[in-house]
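As structure tokens, the structure follows; a few thoughts come after it.
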Amino acid sequence: EDKVVQSPLSLVVHEGDTVTLNCSYEVTNFRSLLWYKQEKKAPTFLFMLTSSGIEKKSGRLSSILDKKELFSILNITATQTGDSAIYLCAVEASTGANSKLTFGKGITLSVRP
Amino acid sequence: DGGITQSPKYLFRKEGQNVTLSCEQNLNHDAMYWYRQDPGQGLRLIYYSQIVNDFQKGDIAEGYSVSREKKESFPLTVTSAQKNPTAFYLCASRFRATYYEQYFGPGTRLTVT
């Protein structure tokens with residue numbers, strides 16, 4: 001059974017802090033790893049990672065994948081209150097002719113002013 | 001505007017009644033997905049469809065049914081056989097079945113009493 005584990009499950013920081021969110025996985029036939037941000041309703045896409053060691057960056061957010069150790073991290077620098085959200089990690093795995101995503105439980109980040 | 005719509009936003013039903021949640025997309029995406037989100041559980045896959053007239057069970061399909069008669073539409077029926085139907089239901093779609101990010105609709109919160 002495919003498994004995605006995120007840690008920590010929740011985190012409280014102050015504005016300006018840097019945070020690192022972790023995602024480890026055990027899946028058969030790995031294809032990609034995705035990060036999403038969920039603020040109240042629909043998750044919004046952040047990154048898709050398919051290759052080890054190549055950092056993806058968008059503003060203050062960055063992410064990297066290690067396919068040998070089976071994990072990914074999402075870094076947020078100079079956090080702002082608007083970064084408060086649930087951060088979801090999902091892994092895409094092939095299922096024969098199809099593929100599906102398995103999500104972790106999410107990390108709840110609270111950024112205090 | 002292109003996007004994914006889910007209706008209604010909030011739905012209340014009595015126990016023992018079947019209920020159908022709507023999901024429509026005008027993004028010309030091939031693949032569509034239904035997830036259920038419970039507090040502290042992340043997203044769990046109910047059903048997915050990679051082409052019209054074809055769909056597969058996800059990890060928690062018991063008590064649910066779907067159809068995919070049109071590319072744009074993927075309705076989910078929550079039957080009376082689903083033991084704990086109260087949850088937040090998210091529909092998603094992606095351009096092709098693999099290596100593309102999923103886009104999510106705004107969700108439907110179903111409460112069964």
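Every chain is numbered from 1, with letters handed out A, B, ... down the list of sequences.
Inter-residue side-chain proximity for B:Arg44 and B:Asp38 is flagged as met; some heavy-atom pair is nearer than 4.5 Å. Using a 4.5 Å heavy-atom threshold, the side chains of A:Leu49 and A:Ser63 count as touching. Two residues are said to be in side-chain contact when any heavy atoms from C-beta on lie closer than 4.5 Å; B:Leu110 and B:Phe12 fail this criterion. Looking at A:Val19 and A:Thr79, their side chains come closer than 4.5 Å, going by heavy atoms from C-beta outward.
Listed by sequence position, A:Leu34, A:Tyr36, A:Gln38, A:Lys41, A:Ala42, A:Pro43, A:Phe45 are the residues of residues 33-47 of chain A in contact with chain B, using a 4.5 angstrom heavy-atom cutoff. When the heavy atoms of residues 104-113 of chain A are compared with those of chain B, the residues falling under 4.5 Å are A:Gly104, A:Lys105, listed by number.
Across A:Leu101, A:Asp2, A:Val4, the residue that shares the most heavy-atom pairs under 4.5 angstrom with chain B is A:Leu101.
Between B:Lys71 and B:Asp30 a salt bridge is recorded (basic side-chain N to carboxylate O distance below 4.0 Å).
Using a 4.5 Å cut-off between heavy atoms, B:Leu45 touches chain A through its side chain atoms alone.
If you check the side chains of A:Glu92 and A:Ser99, you find a donor sitting under 3.5 Å from an acceptor. Side-chain atoms of B:Gln102 and B:Tyr48 include no donor-acceptor pair closer than 3.5 Å.
A perpendicular orientation is assigned to the rings of B:Phe55 and B:Tyr47, their planes being inclined by more than 60° (bins at 30° and 60°).
The distance between the ring centers of A:Phe103 and B:Tyr35 falls below 6.0 angstrom.
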(request) Mind running side chain to side chain donor-acceptor pair (under 3.5 Å) on B:Tyr89 and B:Arg109 for me, showing each step along the way? (result) CA-CA 6 Å; B:Tyr89 290 88; B:Arg109 189 164 296 280; over 6 Å; no
